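Have a look at the structure below before the remarks.
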Protein chains: 4
Amino acid sequence: MSAKPPSTRSDAVRNRKLLLDVAARTFAERGVEVSIGEIAQRAGVGKGTVFRHFPTKEDLLAAIMLDLLDELIGAATGLLADDDPVRALRAFMTAGVEAFVRDRAFCDVIGRPSLQSQEVRDAIHRLCEVAEGLTARAREQGAVRPDVTGTDVALMLSGIQHTAAPLLDADPQAWRRYLELTFDGMTAVTGRPLPHPPGRLTLEENPS
Amino acid sequence: MSAKPPSTRSDAVRNRKLLLDVAARTFAERGVEVSIGEIAQRAGVGKGTVFRHFPTKEDLLAAIMLDLLDELIGAATGLLADDDPVRALRAFMTAGVEAFVRDRAFCDVIGRPSLQSQEVRDAIHRLCEVAEGLTARAREQGAVRPDVTGTDVALMLSGIQHTAAPLLDADPQAWRRYLELTFDGMTAVTGRPLPHPPGRLTLEENPS
Amino acid sequence: MSAKPPSTRSDAVRNRKLLLDVAARTFAERGVEVSIGEIAQRAGVGKGTVFRHFPTKEDLLAAIMLDLLDELIGAATGLLADDDPVRALRAFMTAGVEAFVRDRAFCDVIGRPSLQSQEVRDAIHRLCEVAEGLTARAREQGAVRPDVTGTDVALMLSGIQHTAAPLLDADPQAWRRYLELTFDGMTAVTGRPLPHPPGRLTLEENPS
Amino acid sequence: MSAKPPSTRSDAVRNRKLLLDVAARTFAERGVEVSIGEIAQRAGVGKGTVFRHFPTKEDLLAAIMLDLLDELIGAATGLLADDDPVRALRAFMTAGVEAFVRDRAFCDVIGRPSLQSQEVRDAIHRLCEVAEGLTARAREQGAVRPDVTGTDVALMLSGIQHTAAPLLDADPQAWRRYLELTFDGMTAVTGRPLPHPPGRLTLEENPS
DNA sequence: AATGAATGAGGATTCATTCAT
DNA sequence: GATGAATGAATCCTCATTCAT
């Protein structure tokens, strides 16, 4: 009852698609702060249309984030078929960091649980699971330390982006340096286990 | 001459201190978005009082950020005297990540150049320099890879915080895991240099 | 492209008109200092509505001043067709002084260049030009002294209002006395030229 | 009981004088809008000191306006002794217009009755009386038209300033042109009386 | 008396959201 | 369904005035 199914009228479908595209691009460039007004303008539709398709700004944002997450999950799932686990894991992390680098809103949302709808939290959880699939294969083969989890890997994508963030204006590829460094940390053979148990993301609304 | 020095009157000094404390705490908890009105309310003073001490919100934020940065720089400088370079570097990074973990506004400011005053940029630059001092000693002794710079280290502090961010509500120490992983990446002996040249932070205003 | 054209939707048109009316009346009565909030209240709309129609207070003021100036320019242009140049000039000055007398904001704007947008400056310039047209005809026929310009005439409209200002509450027609006196000064045959060259209004923003 | 006599303590006397000077200069340059804070700063005293000497901003303004008016009244009174009535009248008007040209706040106050205290209104009344003295002498000698009054003359001072106002930045002497024109209007022999009875300034508070 | 710290009402402006057309 | 007009809460900031030091 809360999630009214998207209309199937052809113009509405088209508009919904258009809005998602434009909003995605706009949020990506400028973060979650962009106003609905600007998105509507860029899309060439009225603000009312945005709100018809997405009852609140949060809903619109969530839809876009879900798309992004699904894409990433899809890519990761595909990589499970790669017969070189390390290459697959690296490809996944590369794609993941790139997604963050490209999208300021994605960074905002992942970094601020208060911006996450239940659906987004669920998708993040699924992402962690595929990541775990990829990680497990590399782990089993001894290519990454035994105590690195899929959640670790997923979380580090955002961390790598943020490490590089202050450099990205001047050098859009700066993240590659930190991805490599992180990768080396994951694969390092230290003999010492990581000093803190791995995390699990909270699936429920945080009542803070 | 344009920036009048803080008053030395005892009541004003007390209030200024109170304001900095309350504002620092508030910014730390909720990020740069908190309104001056709320800070005033929490401090039990009128809005006008905040503006008397800090002519703009930006000034207040900058003062707090400078304090934080100076503290960190001071700690790092002290660690230069430690005779174990690796221990010193690790201690510095620990302190740095803790600073980010404790303070959402610090994360906001470091991650968004548009929020940085020239003074803040300068302080960040100084921080990178001390970080380089600490890193160089560890590097010279072969404890960290030869191509890791102080700026790398400083940048990674923020990255580590962001990696752990989604876990911190449930587990405030989660960052320790990622600090260790990062540290291992820095110290890993791979034989391969990092794939992208190290960055330099821009010192001037970015005219974007 | 930056200044979106006023909406043509009937309710918006009505509201825009209402807003202009109310704002014009309010500005007229109380000068440029009235707050947007008060105008909105008097118009029975929300503050946001005012800002939707006029993005800044300055824009609203400019729109009203332009209307006023255009009206005056239109009247003056019409008077160019009058076959009695002196009667026409007097009619123009009468209309002009009346415009000032009726409108405190008009006085404020004309008297304070910092309140003038480029469009307003341009309109004032056009007003001076029509005034010159009217003046020239009277001058040619020897009815006004040879060295009185259209700009002189336009400027004196405001002067006459200010002369009478302190009397207007008690006697709303008091300006007629000073208009006559000024007119007599303009038409006086003294044989002596005016002691200072005529002025030209600056068309560009004053960088003071 | 409402007008506490100025203190006679030497430092207080000195401060009062200093404040009047600085405030007069500041008001003159920038009009009645200047903040008390700026005046205090320019005078090198605390805001509290300003309010000790002048309980409200209005009081300070009134004191300055009174000084200005008294000076003008004094000069006019002196000119009553000049044996050339026309020269004297012209000298008075010159001094008067200059006073307005020099002082934006004077213009503001004269033009806006709501800014006038009872004392200021009284002084304006006295000014009109001396002006009448000067005018009468010129009138008797047939040098100005028979129906021009001292109040007319006094009022026109402000009008002349406002006529020239838009030119004054570019040409600080522009008012001379309009003073002459006005003077010629006053002295014109037209045979026609002015079309509206002379005004009298209201002495009481206007309950608008 | 002098100071300048504190106050809070008031002002312009933005923006998510609702609703009449 | 689409539109964009209306709304009003929220934000930063200014300034006359009061009052503790």
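Since the structure is predicted, the reported quantities are computational estimates derived from the model, not experimental observations.
One atom, CD1 of A/Ile39, and another, P of E/dC15, lie 12 Å apart when rounded to the nearest Å. The nearest whole Å value for the distance from the CG atom in C/Asp11 to the C1' atom in F/dT3 is 11 Å. Rounded to an integer number of Å, the gap from B/Arg30 CZ to F/dA10 C1' is 13 Å. Summarising the geometry, the separation between CG on B/Leu60 and P on F/dT11 is reported as 15 Å, rounded to the nearest angstrom. Note: CZ (B/Arg9) to P (F/dC19) measures 15 Å, nearest angstrom. Across the protein-nucleic acid pair, B/Phe54 atom CZ and F/dC12 atom P stand 15 Å apart, rounded to whole Å. Rounded to whole Å, the distance from NZ on A/Lys47 to P on E/dT18 is 13 Å. When rounded to the nearest whole Å, the span between CD of A/Glu38 and C1' of F/dG4 equals 17 Å.
Here the side chain of C/Arg52 is nearest to one of F/dG4, F/dT3, E/dG11, namely F/dG4. Side chain of A/Lys57, nearest nucleotide from E/dT17, E/dT13, E/dG4: E/dT17. Of the candidates F/dT21, E/dT7, F/dT17, the closest approach to any side-chain atom of B/Ser10 belongs to F/dT21. Out of E/dT3, E/dA16, F/dC12, the shortest distance to the side chain of A/Ile36 is found at E/dA16. Closest to the side chain of B/Phe51, out of F/dT7, F/dC13, E/dT18, is F/dC13.
Across all strands shown, A/Val34 has heavy atoms under 4.0 Å from sugar-phosphate atoms exclusively, and none from any base. A/Thr49 comes within 4.0 angstrom of a nucleotide base, judged by non-hydrogen atoms across all strands.
Residue whose closest nucleotide on DNA chain E sits further toward the 5' end, between C/Glu33 and B/Gly44: B/Gly44. Each of D/Val32 and B/Glu58 has a nearest nucleotide on DNA chain F; the 5'-most of these lies closest to B/Glu58. Map B/Gly37 and A/Gly48 each onto its nearest nucleotide of DNA chain F; the residue landing nearer the 5' end is A/Gly48. Taking for each of D/Val45 and B/Arg16 the nucleotide of DNA chain E with the nearest heavy atom, the 5'-most of the two is the partner of D/Val45.
In this entry E/dC15 has F/dG8 as its Watson-Crick or G-U wobble partner, both defining distances falling under 3.5 Å. Using Watson-Crick or G-U wobble geometry with both donor-acceptor distances under 3.5 Å, E/dA20 finds its partner in F/dT3.
The closest donor-acceptor contact from the side chain of B/Arg121 to the backbone of B/Gln116 lies under 3.5 Å. No donor-acceptor pair under 3.5 Å is formed between the side chain of C/Asp108 and the backbone N or O of C/Gly31. For C/Lys47 (side chain) and C/Gln41 (main-chain N/O), no donor-acceptor pair under 3.5 Å exists by modelled atom type.
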*Carefully, step by step, assess C/Glu38 and C/Arg42 under the rule salt bridge (Lys or Arg N to Asp or Glu O under 4.0 Å).*
CA-CA 6 Å; C/Glu38 170 155 3; C/Arg42 281 213 205 184; 3.6 Å; yes
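Dashed line: the shortest gap from a side-chain N or O of A/His53 to OP1 or OP2 of F/dA2 is under 4.0 Å. Side-chain nitrogen and oxygen atoms of A/Asn15 include at least one within less than 4.0 Å of the OP1 or OP2 phosphate oxygen of F/dA2.
Around the CD atom of B/Glu29, the shell of radius 6.0 Å holds more than 12 heavy atoms that belong to other residues, nucleotides or ligands.
One distance of note links OG1 of C/Thr49 with CD1 of C/Ile36; it measures 11.5 Å at 0.5 Å rounding.
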